[in-house]
Amino acid sequence: MRIIDKNTDFYDYCQNMYRDNSLTFDRTDSFILSKDDLCGYLYVNKYTKDGDFEYLLLQVGNVFWIFLVTINKIDDNRRVKNCTIELLSSWRNYTKKRCLIQLEVISFGWDIRRKLFTCFIPWYQRLGENEKQKVREKKSILLDAVNTNNYQVENKIDKQRVNIGGNEWVEKHIPLLKSCGLASWINPLDIYLAFEEYFSQEKTASERSESVGLTDKERIENHGFDVKISFRGKTKRN
């Protein structure tokens with residue numbers, strides 16, 4: 001897969017190791033997601049305290065990564081100033097609708113929380129290190145919840161205004177992950193192949209849709225045969 005973009009990301013080198021120009025990723029709609037940008041997307045309410053944690057869900061094609069994000073510092077304006085990220089798990093799910101790339105801050109309801117913590121914890125109570133360890137041990141519960149769409153999206157990280165010179169700004173929609181803290185937890189080849197698989201599936205789906213509704217004559221021509229000549233090489237009789 002060939003990548004077209006003036007910006008670079010941590011997996012770009014894979015295109016030189018596994019050259020295949022049959023697929024092209026036009027990534028010119030990209031923006032660099034910084035650690036500060038990521039912190040700004042985290043969900044904070046009046047009860048949130050330093051040490052609380054949230055979840056990030058990344059999807060590329062049919063590949064998913066779920067991250068545990070610990071909030072380390074909140075300023076006086078209730079804005080997250082620093083966070084720590086760790087990968088809980090990554091997996092494939094071909095039953096969910098594929099997408100190019102999607103990064104979301106997500107949360108889980110009480111039905112999931114009680115399975116994780118086995119006791120009643122009010123939503124406003126601080127979740128500390130003990131609870132984080134339970135999440136790590138029972139992460140399969142979170143995977144099942146994601147696979148069945150049993151979660152809530154608190155914020156979508158899918159756009160950013162970028163200055164392209166002077167007073168001209170454009171909105172970009174493909175986040176680059178090298179600067180936000182996620183790249184150190186993702187195998188570059190895994191995400192590169194996830195993008196490649198997405199474009200391959202899209203190409204296959206497009207070719208199939210173009211063939212729908214063809215006549216018998218058009219199907220024969222699509223397979224390289226001359227409709228005036230029989231398959232045995234003899235001219236058809238009138």
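What you see is a predicted model; the values in this text were computed from it and never measured. Sequential numbering from 1 along the given sequence is applied to the chain's residues.
- Side-chain contact between E86 and V69 is absent, with no heavy-atom pair separated by less than 4.5 Å.
- Across all non-hydrogen atoms, the minimal contact from D75 to N77 is OD1-N, 2.9 Å.
- The side-chain heavy atoms of D144 and N150, taken from C-beta on, include no pair separated by under 4.5 Å.
- F195 meets the ring pair (Phe, Tyr, Trp, His ring centres under 6.0 Å) test with Y11, F25; sequence neighbours excluded.
- By the 4.5 Å heavy-atom criterion applied to side chains, L142 and I112 are counted as neighbours.
- The two residues K203 and L23 come nearest to each other via the heavy atoms CD-CD2, 4.0 Å.
- Between the side chain of S206 and the backbone N or O of E202, no donor-acceptor pair lies under 3.5 Å.
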Hey, mind stepping through K132 and T70 against side chain to side chain donor-acceptor pair (under 3.5 Å) and telling me if it holds? CA-CA 9 Å; K132 282 198 292 185; T70 302; 3.0 Å; yes
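- Closest approach of F108 to A145, counting heavy atoms only: CE2-CB, 3.7 Å.
- A donor atom on one side chain and an acceptor atom on the other are not found under 3.5 Å apart for D190 and W65.
- When side chains are defined from C-beta on, L143 counts as touching W91, because their heavy atoms get closer than 4.5 Å.
- Side chains of D36 and S34: no donor on one and acceptor on the other come within 3.5 Å.
- At distances below 3.5 Å, not a single donor-acceptor pair connects side-chain atoms of E104 with backbone N or O atoms of K156.
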Assess whether ring pair (Phe, Tyr, Trp, His ring centres under 6.0 Å) is satisfied between F67 and Y55, documenting all intermediate values. CA-CA 6 Å; F67 302 88; Y55 304 95; over 10 Å; no
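- Partners of W185 by ring pair (Phe, Tyr, Trp, His ring centres under 6.0 Å), not counting sequence neighbours: none found.
- The heavy-atom pair separating L57 from F64 by the smallest distance is CD1-CD2, 4.2 Å.
- For the 3.5 Å distance criterion, the side chains of N82 and K35 fail to qualify, holding no donor opposite an acceptor.
- Heavy atoms only, all atoms of each residue included: P175 and D9 are closest at O-OD2, 4.5 Å.
- Heavy atoms only, all atoms of each residue included: R98 and Q59 are closest at CA-NE2, 3.8 Å.
- Neither side chain, S30 nor K172, offers a donor N or O lying under 3.5 Å from an acceptor on the other.
- Between the side chains of T95 and N93, at least one donor-acceptor pair of N or O atoms lies under 3.5 Å.
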Would you be so kind as to tabulate the donor-acceptor pairs closer than 3.5 Å made by side chains of residues 158-166, with sequence neighbours excluded?
unit_1, atom_1, unit_2, atom_2, d
N163, OD1, G165, N, 2.9
N163, ND2, G166, O, 3.0

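- Looking only at atom types and distance, the side chain of N72 has a donor-acceptor partner in the side chain of T84 under 3.5 Å away.
- Looking only at side-chain heavy atoms (C-beta outward), N149 and K96 come within less than 4.5 Å of each other.
- At least one donor-acceptor pair under 3.5 Å links the side chain of K139 to the backbone N or O of L88.
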